[in-house]
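Labels below follow one simple rule: chain letters A, B, ... track the order of the sequence lines, proteins then strands, and each chain is numbered from 1. Quick caveat: nothing in here was measured; it's all calculated off a predicted structure.
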Number of protein chains: 2
Amino acid sequence: MSADPNLRREIPDATVARLPEYLRTLSRLAEDGVLSVSSEELAAAVGVRSAQLRKDLSHLGSYGVRGVGYEVETLALEISRALGLTEDWPVAIVGMGNLGHALASYSGFVTKGFRIVGLFDDDPALAGQHVVGVPIRPLADLPACQVADPVSIGVIATPARAAQAVCDSLVAVGVTSILNFAPAVLTVPEGVDVRRVDLSTELQILAFHAQRKSLAAGDGDLRSVVSQ
Amino acid sequence: MSADPNLRREIPDATVARLPEYLRTLSRLAEDGVLSVSSEELAAAVGVRSAQLRKDLSHLGSYGVRGVGYEVETLALEISRALGLTEDWPVAIVGMGNLGHALASYSGFVTKGFRIVGLFDDDPALAGQHVVGVPIRPLADLPACQVADPVSIGVIATPARAAQAVCDSLVAVGVTSILNFAPAVLTVPEGVDVRRVDLSTELQILAFHAQRKSLAAGDGDLRSVVSQ
DNA sequence: AAGTGTGAAAACATTCACAGCA
DNA sequence: TGCTGTGAATGTTTTCACACTT
């Protein structure tokens, strides 16, 4: 029953995670007026191996020219299409503390397909304030807003203790993609996709590698640990 | 020349990335007064398979009791030790816009081994302000501060265009672990460890999965996509 | 009886190396 | 000639299934 055996291949998760990097780098190249790029050059700019880049791109289709390279514009468009960025993604942010403000005013947001349609916070001191032209409302207003301009991606930027309740509210109005900045594991029904971003996890991973470096140095067994 | 063949095993990166989750969940259990936990219970609370949890923990050593489970306190301590959180990690944040403020006041920071020793921003309007008791200074003051209380982890929360210069300044004073929130790929010397956290990458990955869900639904080929 | 710790198997991801095309 | 696209080889991660210990 599922169609397009040639067009709609399976793209590995590891590849999907790198496509945004490729896209960002291609956009920068395009700004600089670069028209064409080889896998070797693009890979170097992104910080991966050229074989990996070519393998990744091969999952999208065949958009390079043998002996020449990739046309920057074309490739950027195809990656955008693969990621779904040619569609419009209305986003709501819940929790307008420092982090919520930072996220709302983050430029990368607006540029590519993402559009902030709602900002929510139950703090009365924030109610009615506008950030990037969007008013902050209590979370109770979410269902009403959802009718006017339905949110497809919800961003949780509240403290950990509020995160599950906020998540439930988002799921209740039909949001199936959630980006969670709160340090909490969320329980969601099947079919809802949650990604978590956490500062302290990242710091702890850095600490682990830093510790290894200092241990190795103390051993006289210096080994460079570089990852990006 | 490298010692401790039994104690200092190689811990896989995939495992290291999950240890902070385990630790957070264990801390919550400890707060709730739970003394002992099985791999099945802990795995469920974290959102992984029990076999994966046991395999991960086996890399740290043998801290469980067969037929019983793991003692919450002990396991938390051993994970902390493996991650290097029993040491003190002085952190500097560069770029004190909304994001920098959010990071500086983030609670998870202080709790576990991380200590903010410097906040930097070249905006004269911010100079001298205090956040969490630490004054904001111009980046030029970094070398002087470094003598008094040396930074081991640098956090970059500046706009993309400033990121490489900031990174160079950090590396110049001997920082070898960097957490980069700017949407830019940093070039660093061998031995310097960079991790990047990027909102728009995360949003794009969500968009990809959301697109797949809607395509699959349109096909009548519904497939649940849940990841966390 | 219950649940850890771990070899072995399976799945997944990266890298190599080269055929094939412009 | 130069560079892409891709099978085959290698490396890593996850899962299975059960011996072993308390």
Side-chain angles (χ1 to χ4, degrees), chain A residues 5-7 9-19 21-22 26 29 34-76 78-79 82 205 208-209 225-228, chain B residues 6-7 9-19 21-22 26 29 34-76 78-79 82 205 208 225-228:
Chain A
N6 51 346
L7 184 66
R9 284 148 177 256
E10 201 63 22
I11 302 180
D13 280 355
T15 294
V16 172
R18 282 184 296 265
L19 291 178
E21 302 289 340
Y22 301 160
L26 285 166
L29 291 174
V34 178
L35 297 177
S36 172
V37 71
S38 72
S39 65
E40 204 67 58
E41 293 163 340
L42 182 54
V46 173
V48 301
R49 308 280 171 129
S50 64
Q52 172 142 271
L53 174 63
R54 290 200 301 280
K55 182 69 100 182
D56 282 343
L57 297 182
S58 76
H59 294 294
L60 314 188
S62 200
Y63 300 110
V65 182
R66 285 166 202 247
V68 179
Y70 301 88
E71 205 196 311
V72 173
E73 288 283 354
T74 311
L75 188 54
E78 290 303 332
I79 293 179
I205 295 171
F208 172 81
H209 289 297
V225 180
V226 182
S227 73
Q228 180 149 324
Chain B
N6 51 344
L7 184 65
R9 284 148 177 256
E10 202 63 23
I11 303 180
D13 280 355
T15 294
V16 172
R18 282 185 296 264
L19 291 179
E21 302 289 342
Y22 301 159
L26 285 167
L29 291 175
V34 177
L35 296 178
S36 171
V37 71
S38 71
S39 65
E40 203 68 58
E41 293 162 342
L42 181 54
V46 173
V48 301
R49 308 279 172 130
S50 64
Q52 173 143 270
L53 174 63
R54 288 200 304 277
K55 181 68 100 181
D56 282 343
L57 296 183
S58 76
H59 295 294
L60 313 189
S62 199
Y63 300 111
V65 182
R66 288 166 198 241
V68 178
Y70 301 87
E71 206 197 313
V72 171
E73 288 283 354
T74 310
L75 189 53
E78 289 304 332
I79 294 178
I205 295 171
F208 172 81
V225 180
V226 181
S227 73
Q228 180 154 323

In this structure, how many angstroms lie between the [atom2] atom of [N] and the [atom1] atom of [X], rounded?
| X | N | atom1 | atom2 | result |
| --- | --- | --- | --- | --- |
| A:Glu10 | C:dA13 | CD | P | 11 Å |
| A:Leu53 | D:dC3 | CG | C1' | 12 Å |
| A:Glu71 | D:dT4 | CD | C1' | 15 Å |
| A:Glu41 | D:dC3 | CD | P | 8 Å |
| B:Tyr70 | C:dG3 | OH | C1' | 9 Å |
| B:Leu57 | C:dT4 | CG | C1' | 10 Å |

If we only count heavy atoms from C-beta on, is the [X] to [Y] side-chain gap below 4.5 Å?
| X | Y | result |
| --- | --- | --- |
| A:Leu75 | A:Tyr22 | no |
| A:Leu26 | A:Val72 | yes |
| A:Leu53 | A:Val46 | no |
| A:Phe208 | B:Ile11 | yes |

| task | Please report the shortest heavy-atom distance between A:Ala17 and B:Ile205, naming the atom on each side. | result |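 Smallest heavy-atom distance, with atoms named: CA-CD1, 3.8 Å.
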| field | Closest heavy-atom pair and its distance - B:Ile79, B:Leu19 | value |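 Looking at all heavy atoms of both residues, the closest pair is CG2-O, 3.8 Å.
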Using a cutoff of under 3.5 Å, can you pull out all pairs of nitrogen or oxygen atoms linking the protein to nucleotides 12-14 of chain D, with atom names and distances?
unit_1 : atom_1 : unit_2  : atom_2 : d
D:dT14 : OP1    : B:Arg18 : NH1    : 2.8
D:dT14 : OP2    : B:Arg18 : NH1    : 3.3
D:dT14 : OP2    : B:Arg18 : NH2    : 2.7
D:dT14 : OP2    : B:Gln52 : OE1    : 3.2
D:dT14 : O5'    : B:Gln52 : OE1    : 3.1

| field | Letter per nucleotide, 5' to 3', of nucleotides 17-22 of chain C [B base touched, S only sugar-phosphate touched, - untouched; heavy atoms, 4.0 Å] | value | B-BBBS
| query | Is A:Gln52 reaching over with its side chain to a backbone N or O of A:Arg49, donor-acceptor style, under 3.5 angstrom? | reply |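 No; judged by distance alone, with no hydrogens or angles, the pair does not exist.
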| said: Would you say A:Ser39 places a side-chain N or O within less than 4.0 Å of OP1 or OP2 belonging to D:dC3? | reply: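 No, no such contact exists.
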| request: Can you run down the salt bridge (Lys or Arg N to Asp or Glu O under 4.0 Å) pairs that involve residues 52-68 of chain B, sequence neighbours left out, and say none if there aren't any? | output: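 Applying salt bridge (Lys or Arg N to Asp or Glu O under 4.0 Å) to every pair that reaches into residues 52-68 of chain B, excluding sequence neighbours, yields B:Arg18-B:Asp56.
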